[in-house]
Structures are given as structure tokens and as C-alpha cells.
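Taking it in order: structure first as C-alpha cells, then the write-up.
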Amino acid sequence: QVQLVESGGGLVQAGGSLRLSCAASGRTFSNYAMGWFRQAPGKEREFLATISWSVGSTYYAGSVKGRFTISRDNAKNVVYLQTNRLKPEDTAVYFCAAARGGPIVVVPTEYAYWGRGTQVTVSS
């Protein structure tokens, strides 16, 4: 059974940083794309970044490009999202997801597996 478990969220002041982690288990993810999304109250789920597990290709949404970095540790089966220069508008629940294929997958409906999310709150 596939499990994705996010961690690393919390409360941070504007301008600060957090490193989110997504521990993946239950299958081999070598042919998957891994993605990070977020959802703020009253808003739709927003794509942030994706990485190809096998070749490491990455792609970012314009709203976070240059501030957020996605990476993976193949040995540990963990995907990270380093978030820098955080703003109050980055406040949301952040989700990790896995999609078959790739290397770049940005549409939420193409992701088959989702974690439960981790809350990020940025104070002004």
C-alpha cells in the first residue's frame, strides 16, 4: 500500500524558511513523478513543483520559482521541498503526491497518490 507522509510544516515569520519532507513507501517510485501542491482555505489546490524520481528533472510554478526547491533522496525514498523567503500568502496546507509517468506532471488529477498534508503558516 502506497503511503506518502509529509512533515516539516509549522509557524514561521515572513522571510523565513522551512524544509518540508515527504516519506514515500509501499512501492518502487522509479517511474513516478513526485509533486508538491498547496491549498489555502477557500482556494483550489495549487501546483508548486514536481521532480522526476528517476532522472531528477524539475519544474516549478512561477509563483515559487527561485524561492522553493524540490529535491529527492533516492536512498531514503524522501522528497523535499525547501521553502525560502516565505510570505504570508504562502500560508496553506502543503501536500506531497505521486504520479505514474512523467518526467513532468503538473495537473493534480494525474496524481494517483496523495499525502495528508502539513500546515505551513507564515506570520507577517
Side-chain angles (χ1 to χ4, degrees):
Q1 183 176 356
V2 173
Q3 273 198 316
L4 302 176
V5 180
E6 303 94 336
S7 61
L11 174 63
V12 63
Q13 288 188 333
S17 300
L18 286 172
R19 188 175 80 156
L20 309 183
S21 299
C22 171
S25 63
R27 67 172 304 118
T28 301
F29 291 94
S30 57
N31 295 323
Y32 279 66
M34 303 297 293
W36 282 97
F37 295 78
R38 69 185 178 190
Q39 189 164 19
K43 294 189 177 181
E44 291 188 355
R45 193 161 294 191
E46 176 188 12
F47 165 78
L48 299 177
T50 184
I51 187 167
S52 165
W53 201 282
S54 58
V55 299
S57 304
T58 59
Y59 182 80
Y60 296 90
S63 59
V64 303
K65 192 173 184 179
R67 296 192 299 128
F68 291 8
T69 303
I70 190 170
S71 62
R72 87 266 192 246
D73 185 327
N74 287 1
K76 296 181 179 179
N77 255 22
V78 178
V79 178
Y80 302 100
L81 186 70
Q82 177 67 42
T83 65
N84 298 327
R85 304 197 306 276
L86 285 163
K87 309 173 184 178
E89 51 264 43
D90 292 318
T91 296
V93 177
Y94 284 64
F95 297 90
C96 170
R100 294 186 188 88
I104 302 299
V105 182
V106 301
V107 179
T109 54
E110 295 185 7
Y111 281 82
Y113 304 104
W114 291 84
R116 294 189 172 184
T118 185
Q119 176 71 47
V120 171
T121 303
V122 185
S123 63
S124 56

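Atom OH of residue Y94 and atom SG of residue C22 lie 15.0 Å apart, to the nearest 0.5 angstrom. In this structure, R72 CZ and M34 CE are separated by 11.5 Å, a value rounded to the nearest 0.5 Å. For the atom pair Q3 CD and N77 CG, the distance stands at 12.5 Å (nearest 0.5 Å). With rounding to the nearest 0.5 angstrom, the CD atom of Q13 is 13.0 Å from the OG1 atom of T121. The distance from the CD atom of E89 to the OG atom of S124 is 10.0 Å, given to the nearest 0.5 Å. Interatomic distance, NZ of K65 versus OG1 of T58, reported as 8.5 Å (0.5 Å rounding).
F68 has its side chain out of reach of N84: every pair of non-hydrogen atoms, C-beta onward, lies at least 4.5 Å apart. Side-chain contact between E6 and S21 is absent, with no heavy atoms from C-beta onward closer than 4.5 Å. Side-chain contact check for I51 versus W36: every heavy-atom pair is 4.5 Å or farther apart. Within the 4.5 Å cutoff, the side chain of I70 has no heavy atoms near those of the Q82 side chain. Proximity of V120 to L20: side-chain heavy atoms (C-beta onward) are separated by under 4.5 Å at one or more points. When side chains are defined from C-beta on, R100 counts as touching Y113, because their heavy atoms get closer than 4.5 Å.
Residues F47 and L86 do not share a hydrophobic cluster, clusters being chains of Ile/Leu/Val/Met/Phe/Trp/Tyr side chains in contact below 4.5 Å. Side-chain heavy atoms closer than 4.5 Å link hydrophobic residues (I, L, V, M, F, W, Y) into clusters, and following such links, possibly through other members, connects L81 to V12. Y80 and V105 fall into different hydrophobic clusters, where Ile, Leu, Val, Met, Phe, Trp and Tyr are joined by side-chain heavy atoms under 4.5 Å apart, directly or via other members. At a threshold of 4.5 Å between side-chain heavy atoms, the hydrophobic network of Ile, Leu, Val, Met, Phe, Trp and Tyr places V2 and Y32 in one connected group.
The two residues L4 and C96 make their nearest non-hydrogen contact at CD1-O, 3.8 Å. In terms of heavy-atom proximity, D90 sits nearest to R38 at OD1-NH1, 2.8 Å.
Side-chain atoms of T50 do not come within 3.5 Å of backbone N or O of Y59 as any donor-acceptor pair. A donor-acceptor pair is defined here as one N or O able to donate and one able to accept, closer than 3.5 Å; such a pair exists between the side chain of R67 and the backbone of R85.
Side-chain polar atoms of T91 and Q119 form no donor-acceptor pair below 3.5 angstrom. Side chains of N74 and W53: a donor on one and an acceptor on the other come within 3.5 Å.
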TODO: Give the intermediate values and the outcome of side chain to side chain contact (heavy atoms under 4.5 Å, CB included) for residues R19 and S7.
DONE: CA-CA 9 Å; R19 188 175 80 156; S7 61; over 6 Å; no

TODO: For side chain to side chain contact (heavy atoms under 4.5 Å, CB included), just list the numbers for S57 and I104, CA-CA rounded to whole Å, side-chain angles, deciding distance to a tenth of an Å, and then say yes or no.
DONE: CA-CA 7 Å; S57 304; I104 302 299; 4.3 Å; yes

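Aromatic rings of F37 and W114 (six-membered ring for Trp) have centroids within the 6.0 Å cut-off, being under it.
For R45 and F95, the positive end sits near the middle of the six-membered ring, less than 6.0 Å away and at most 45° from its axis.
The number of heavy-atom neighbours closer than 6.0 Å to CZ of R27, taken from other residues, nucleotides and ligands shown, is above 12.
Taking the side-chain hydrogen bond (donor to acceptor under 3.5 Å, both in side chains) definition, one finds that S52 meets it with S54, sequence neighbours left out.
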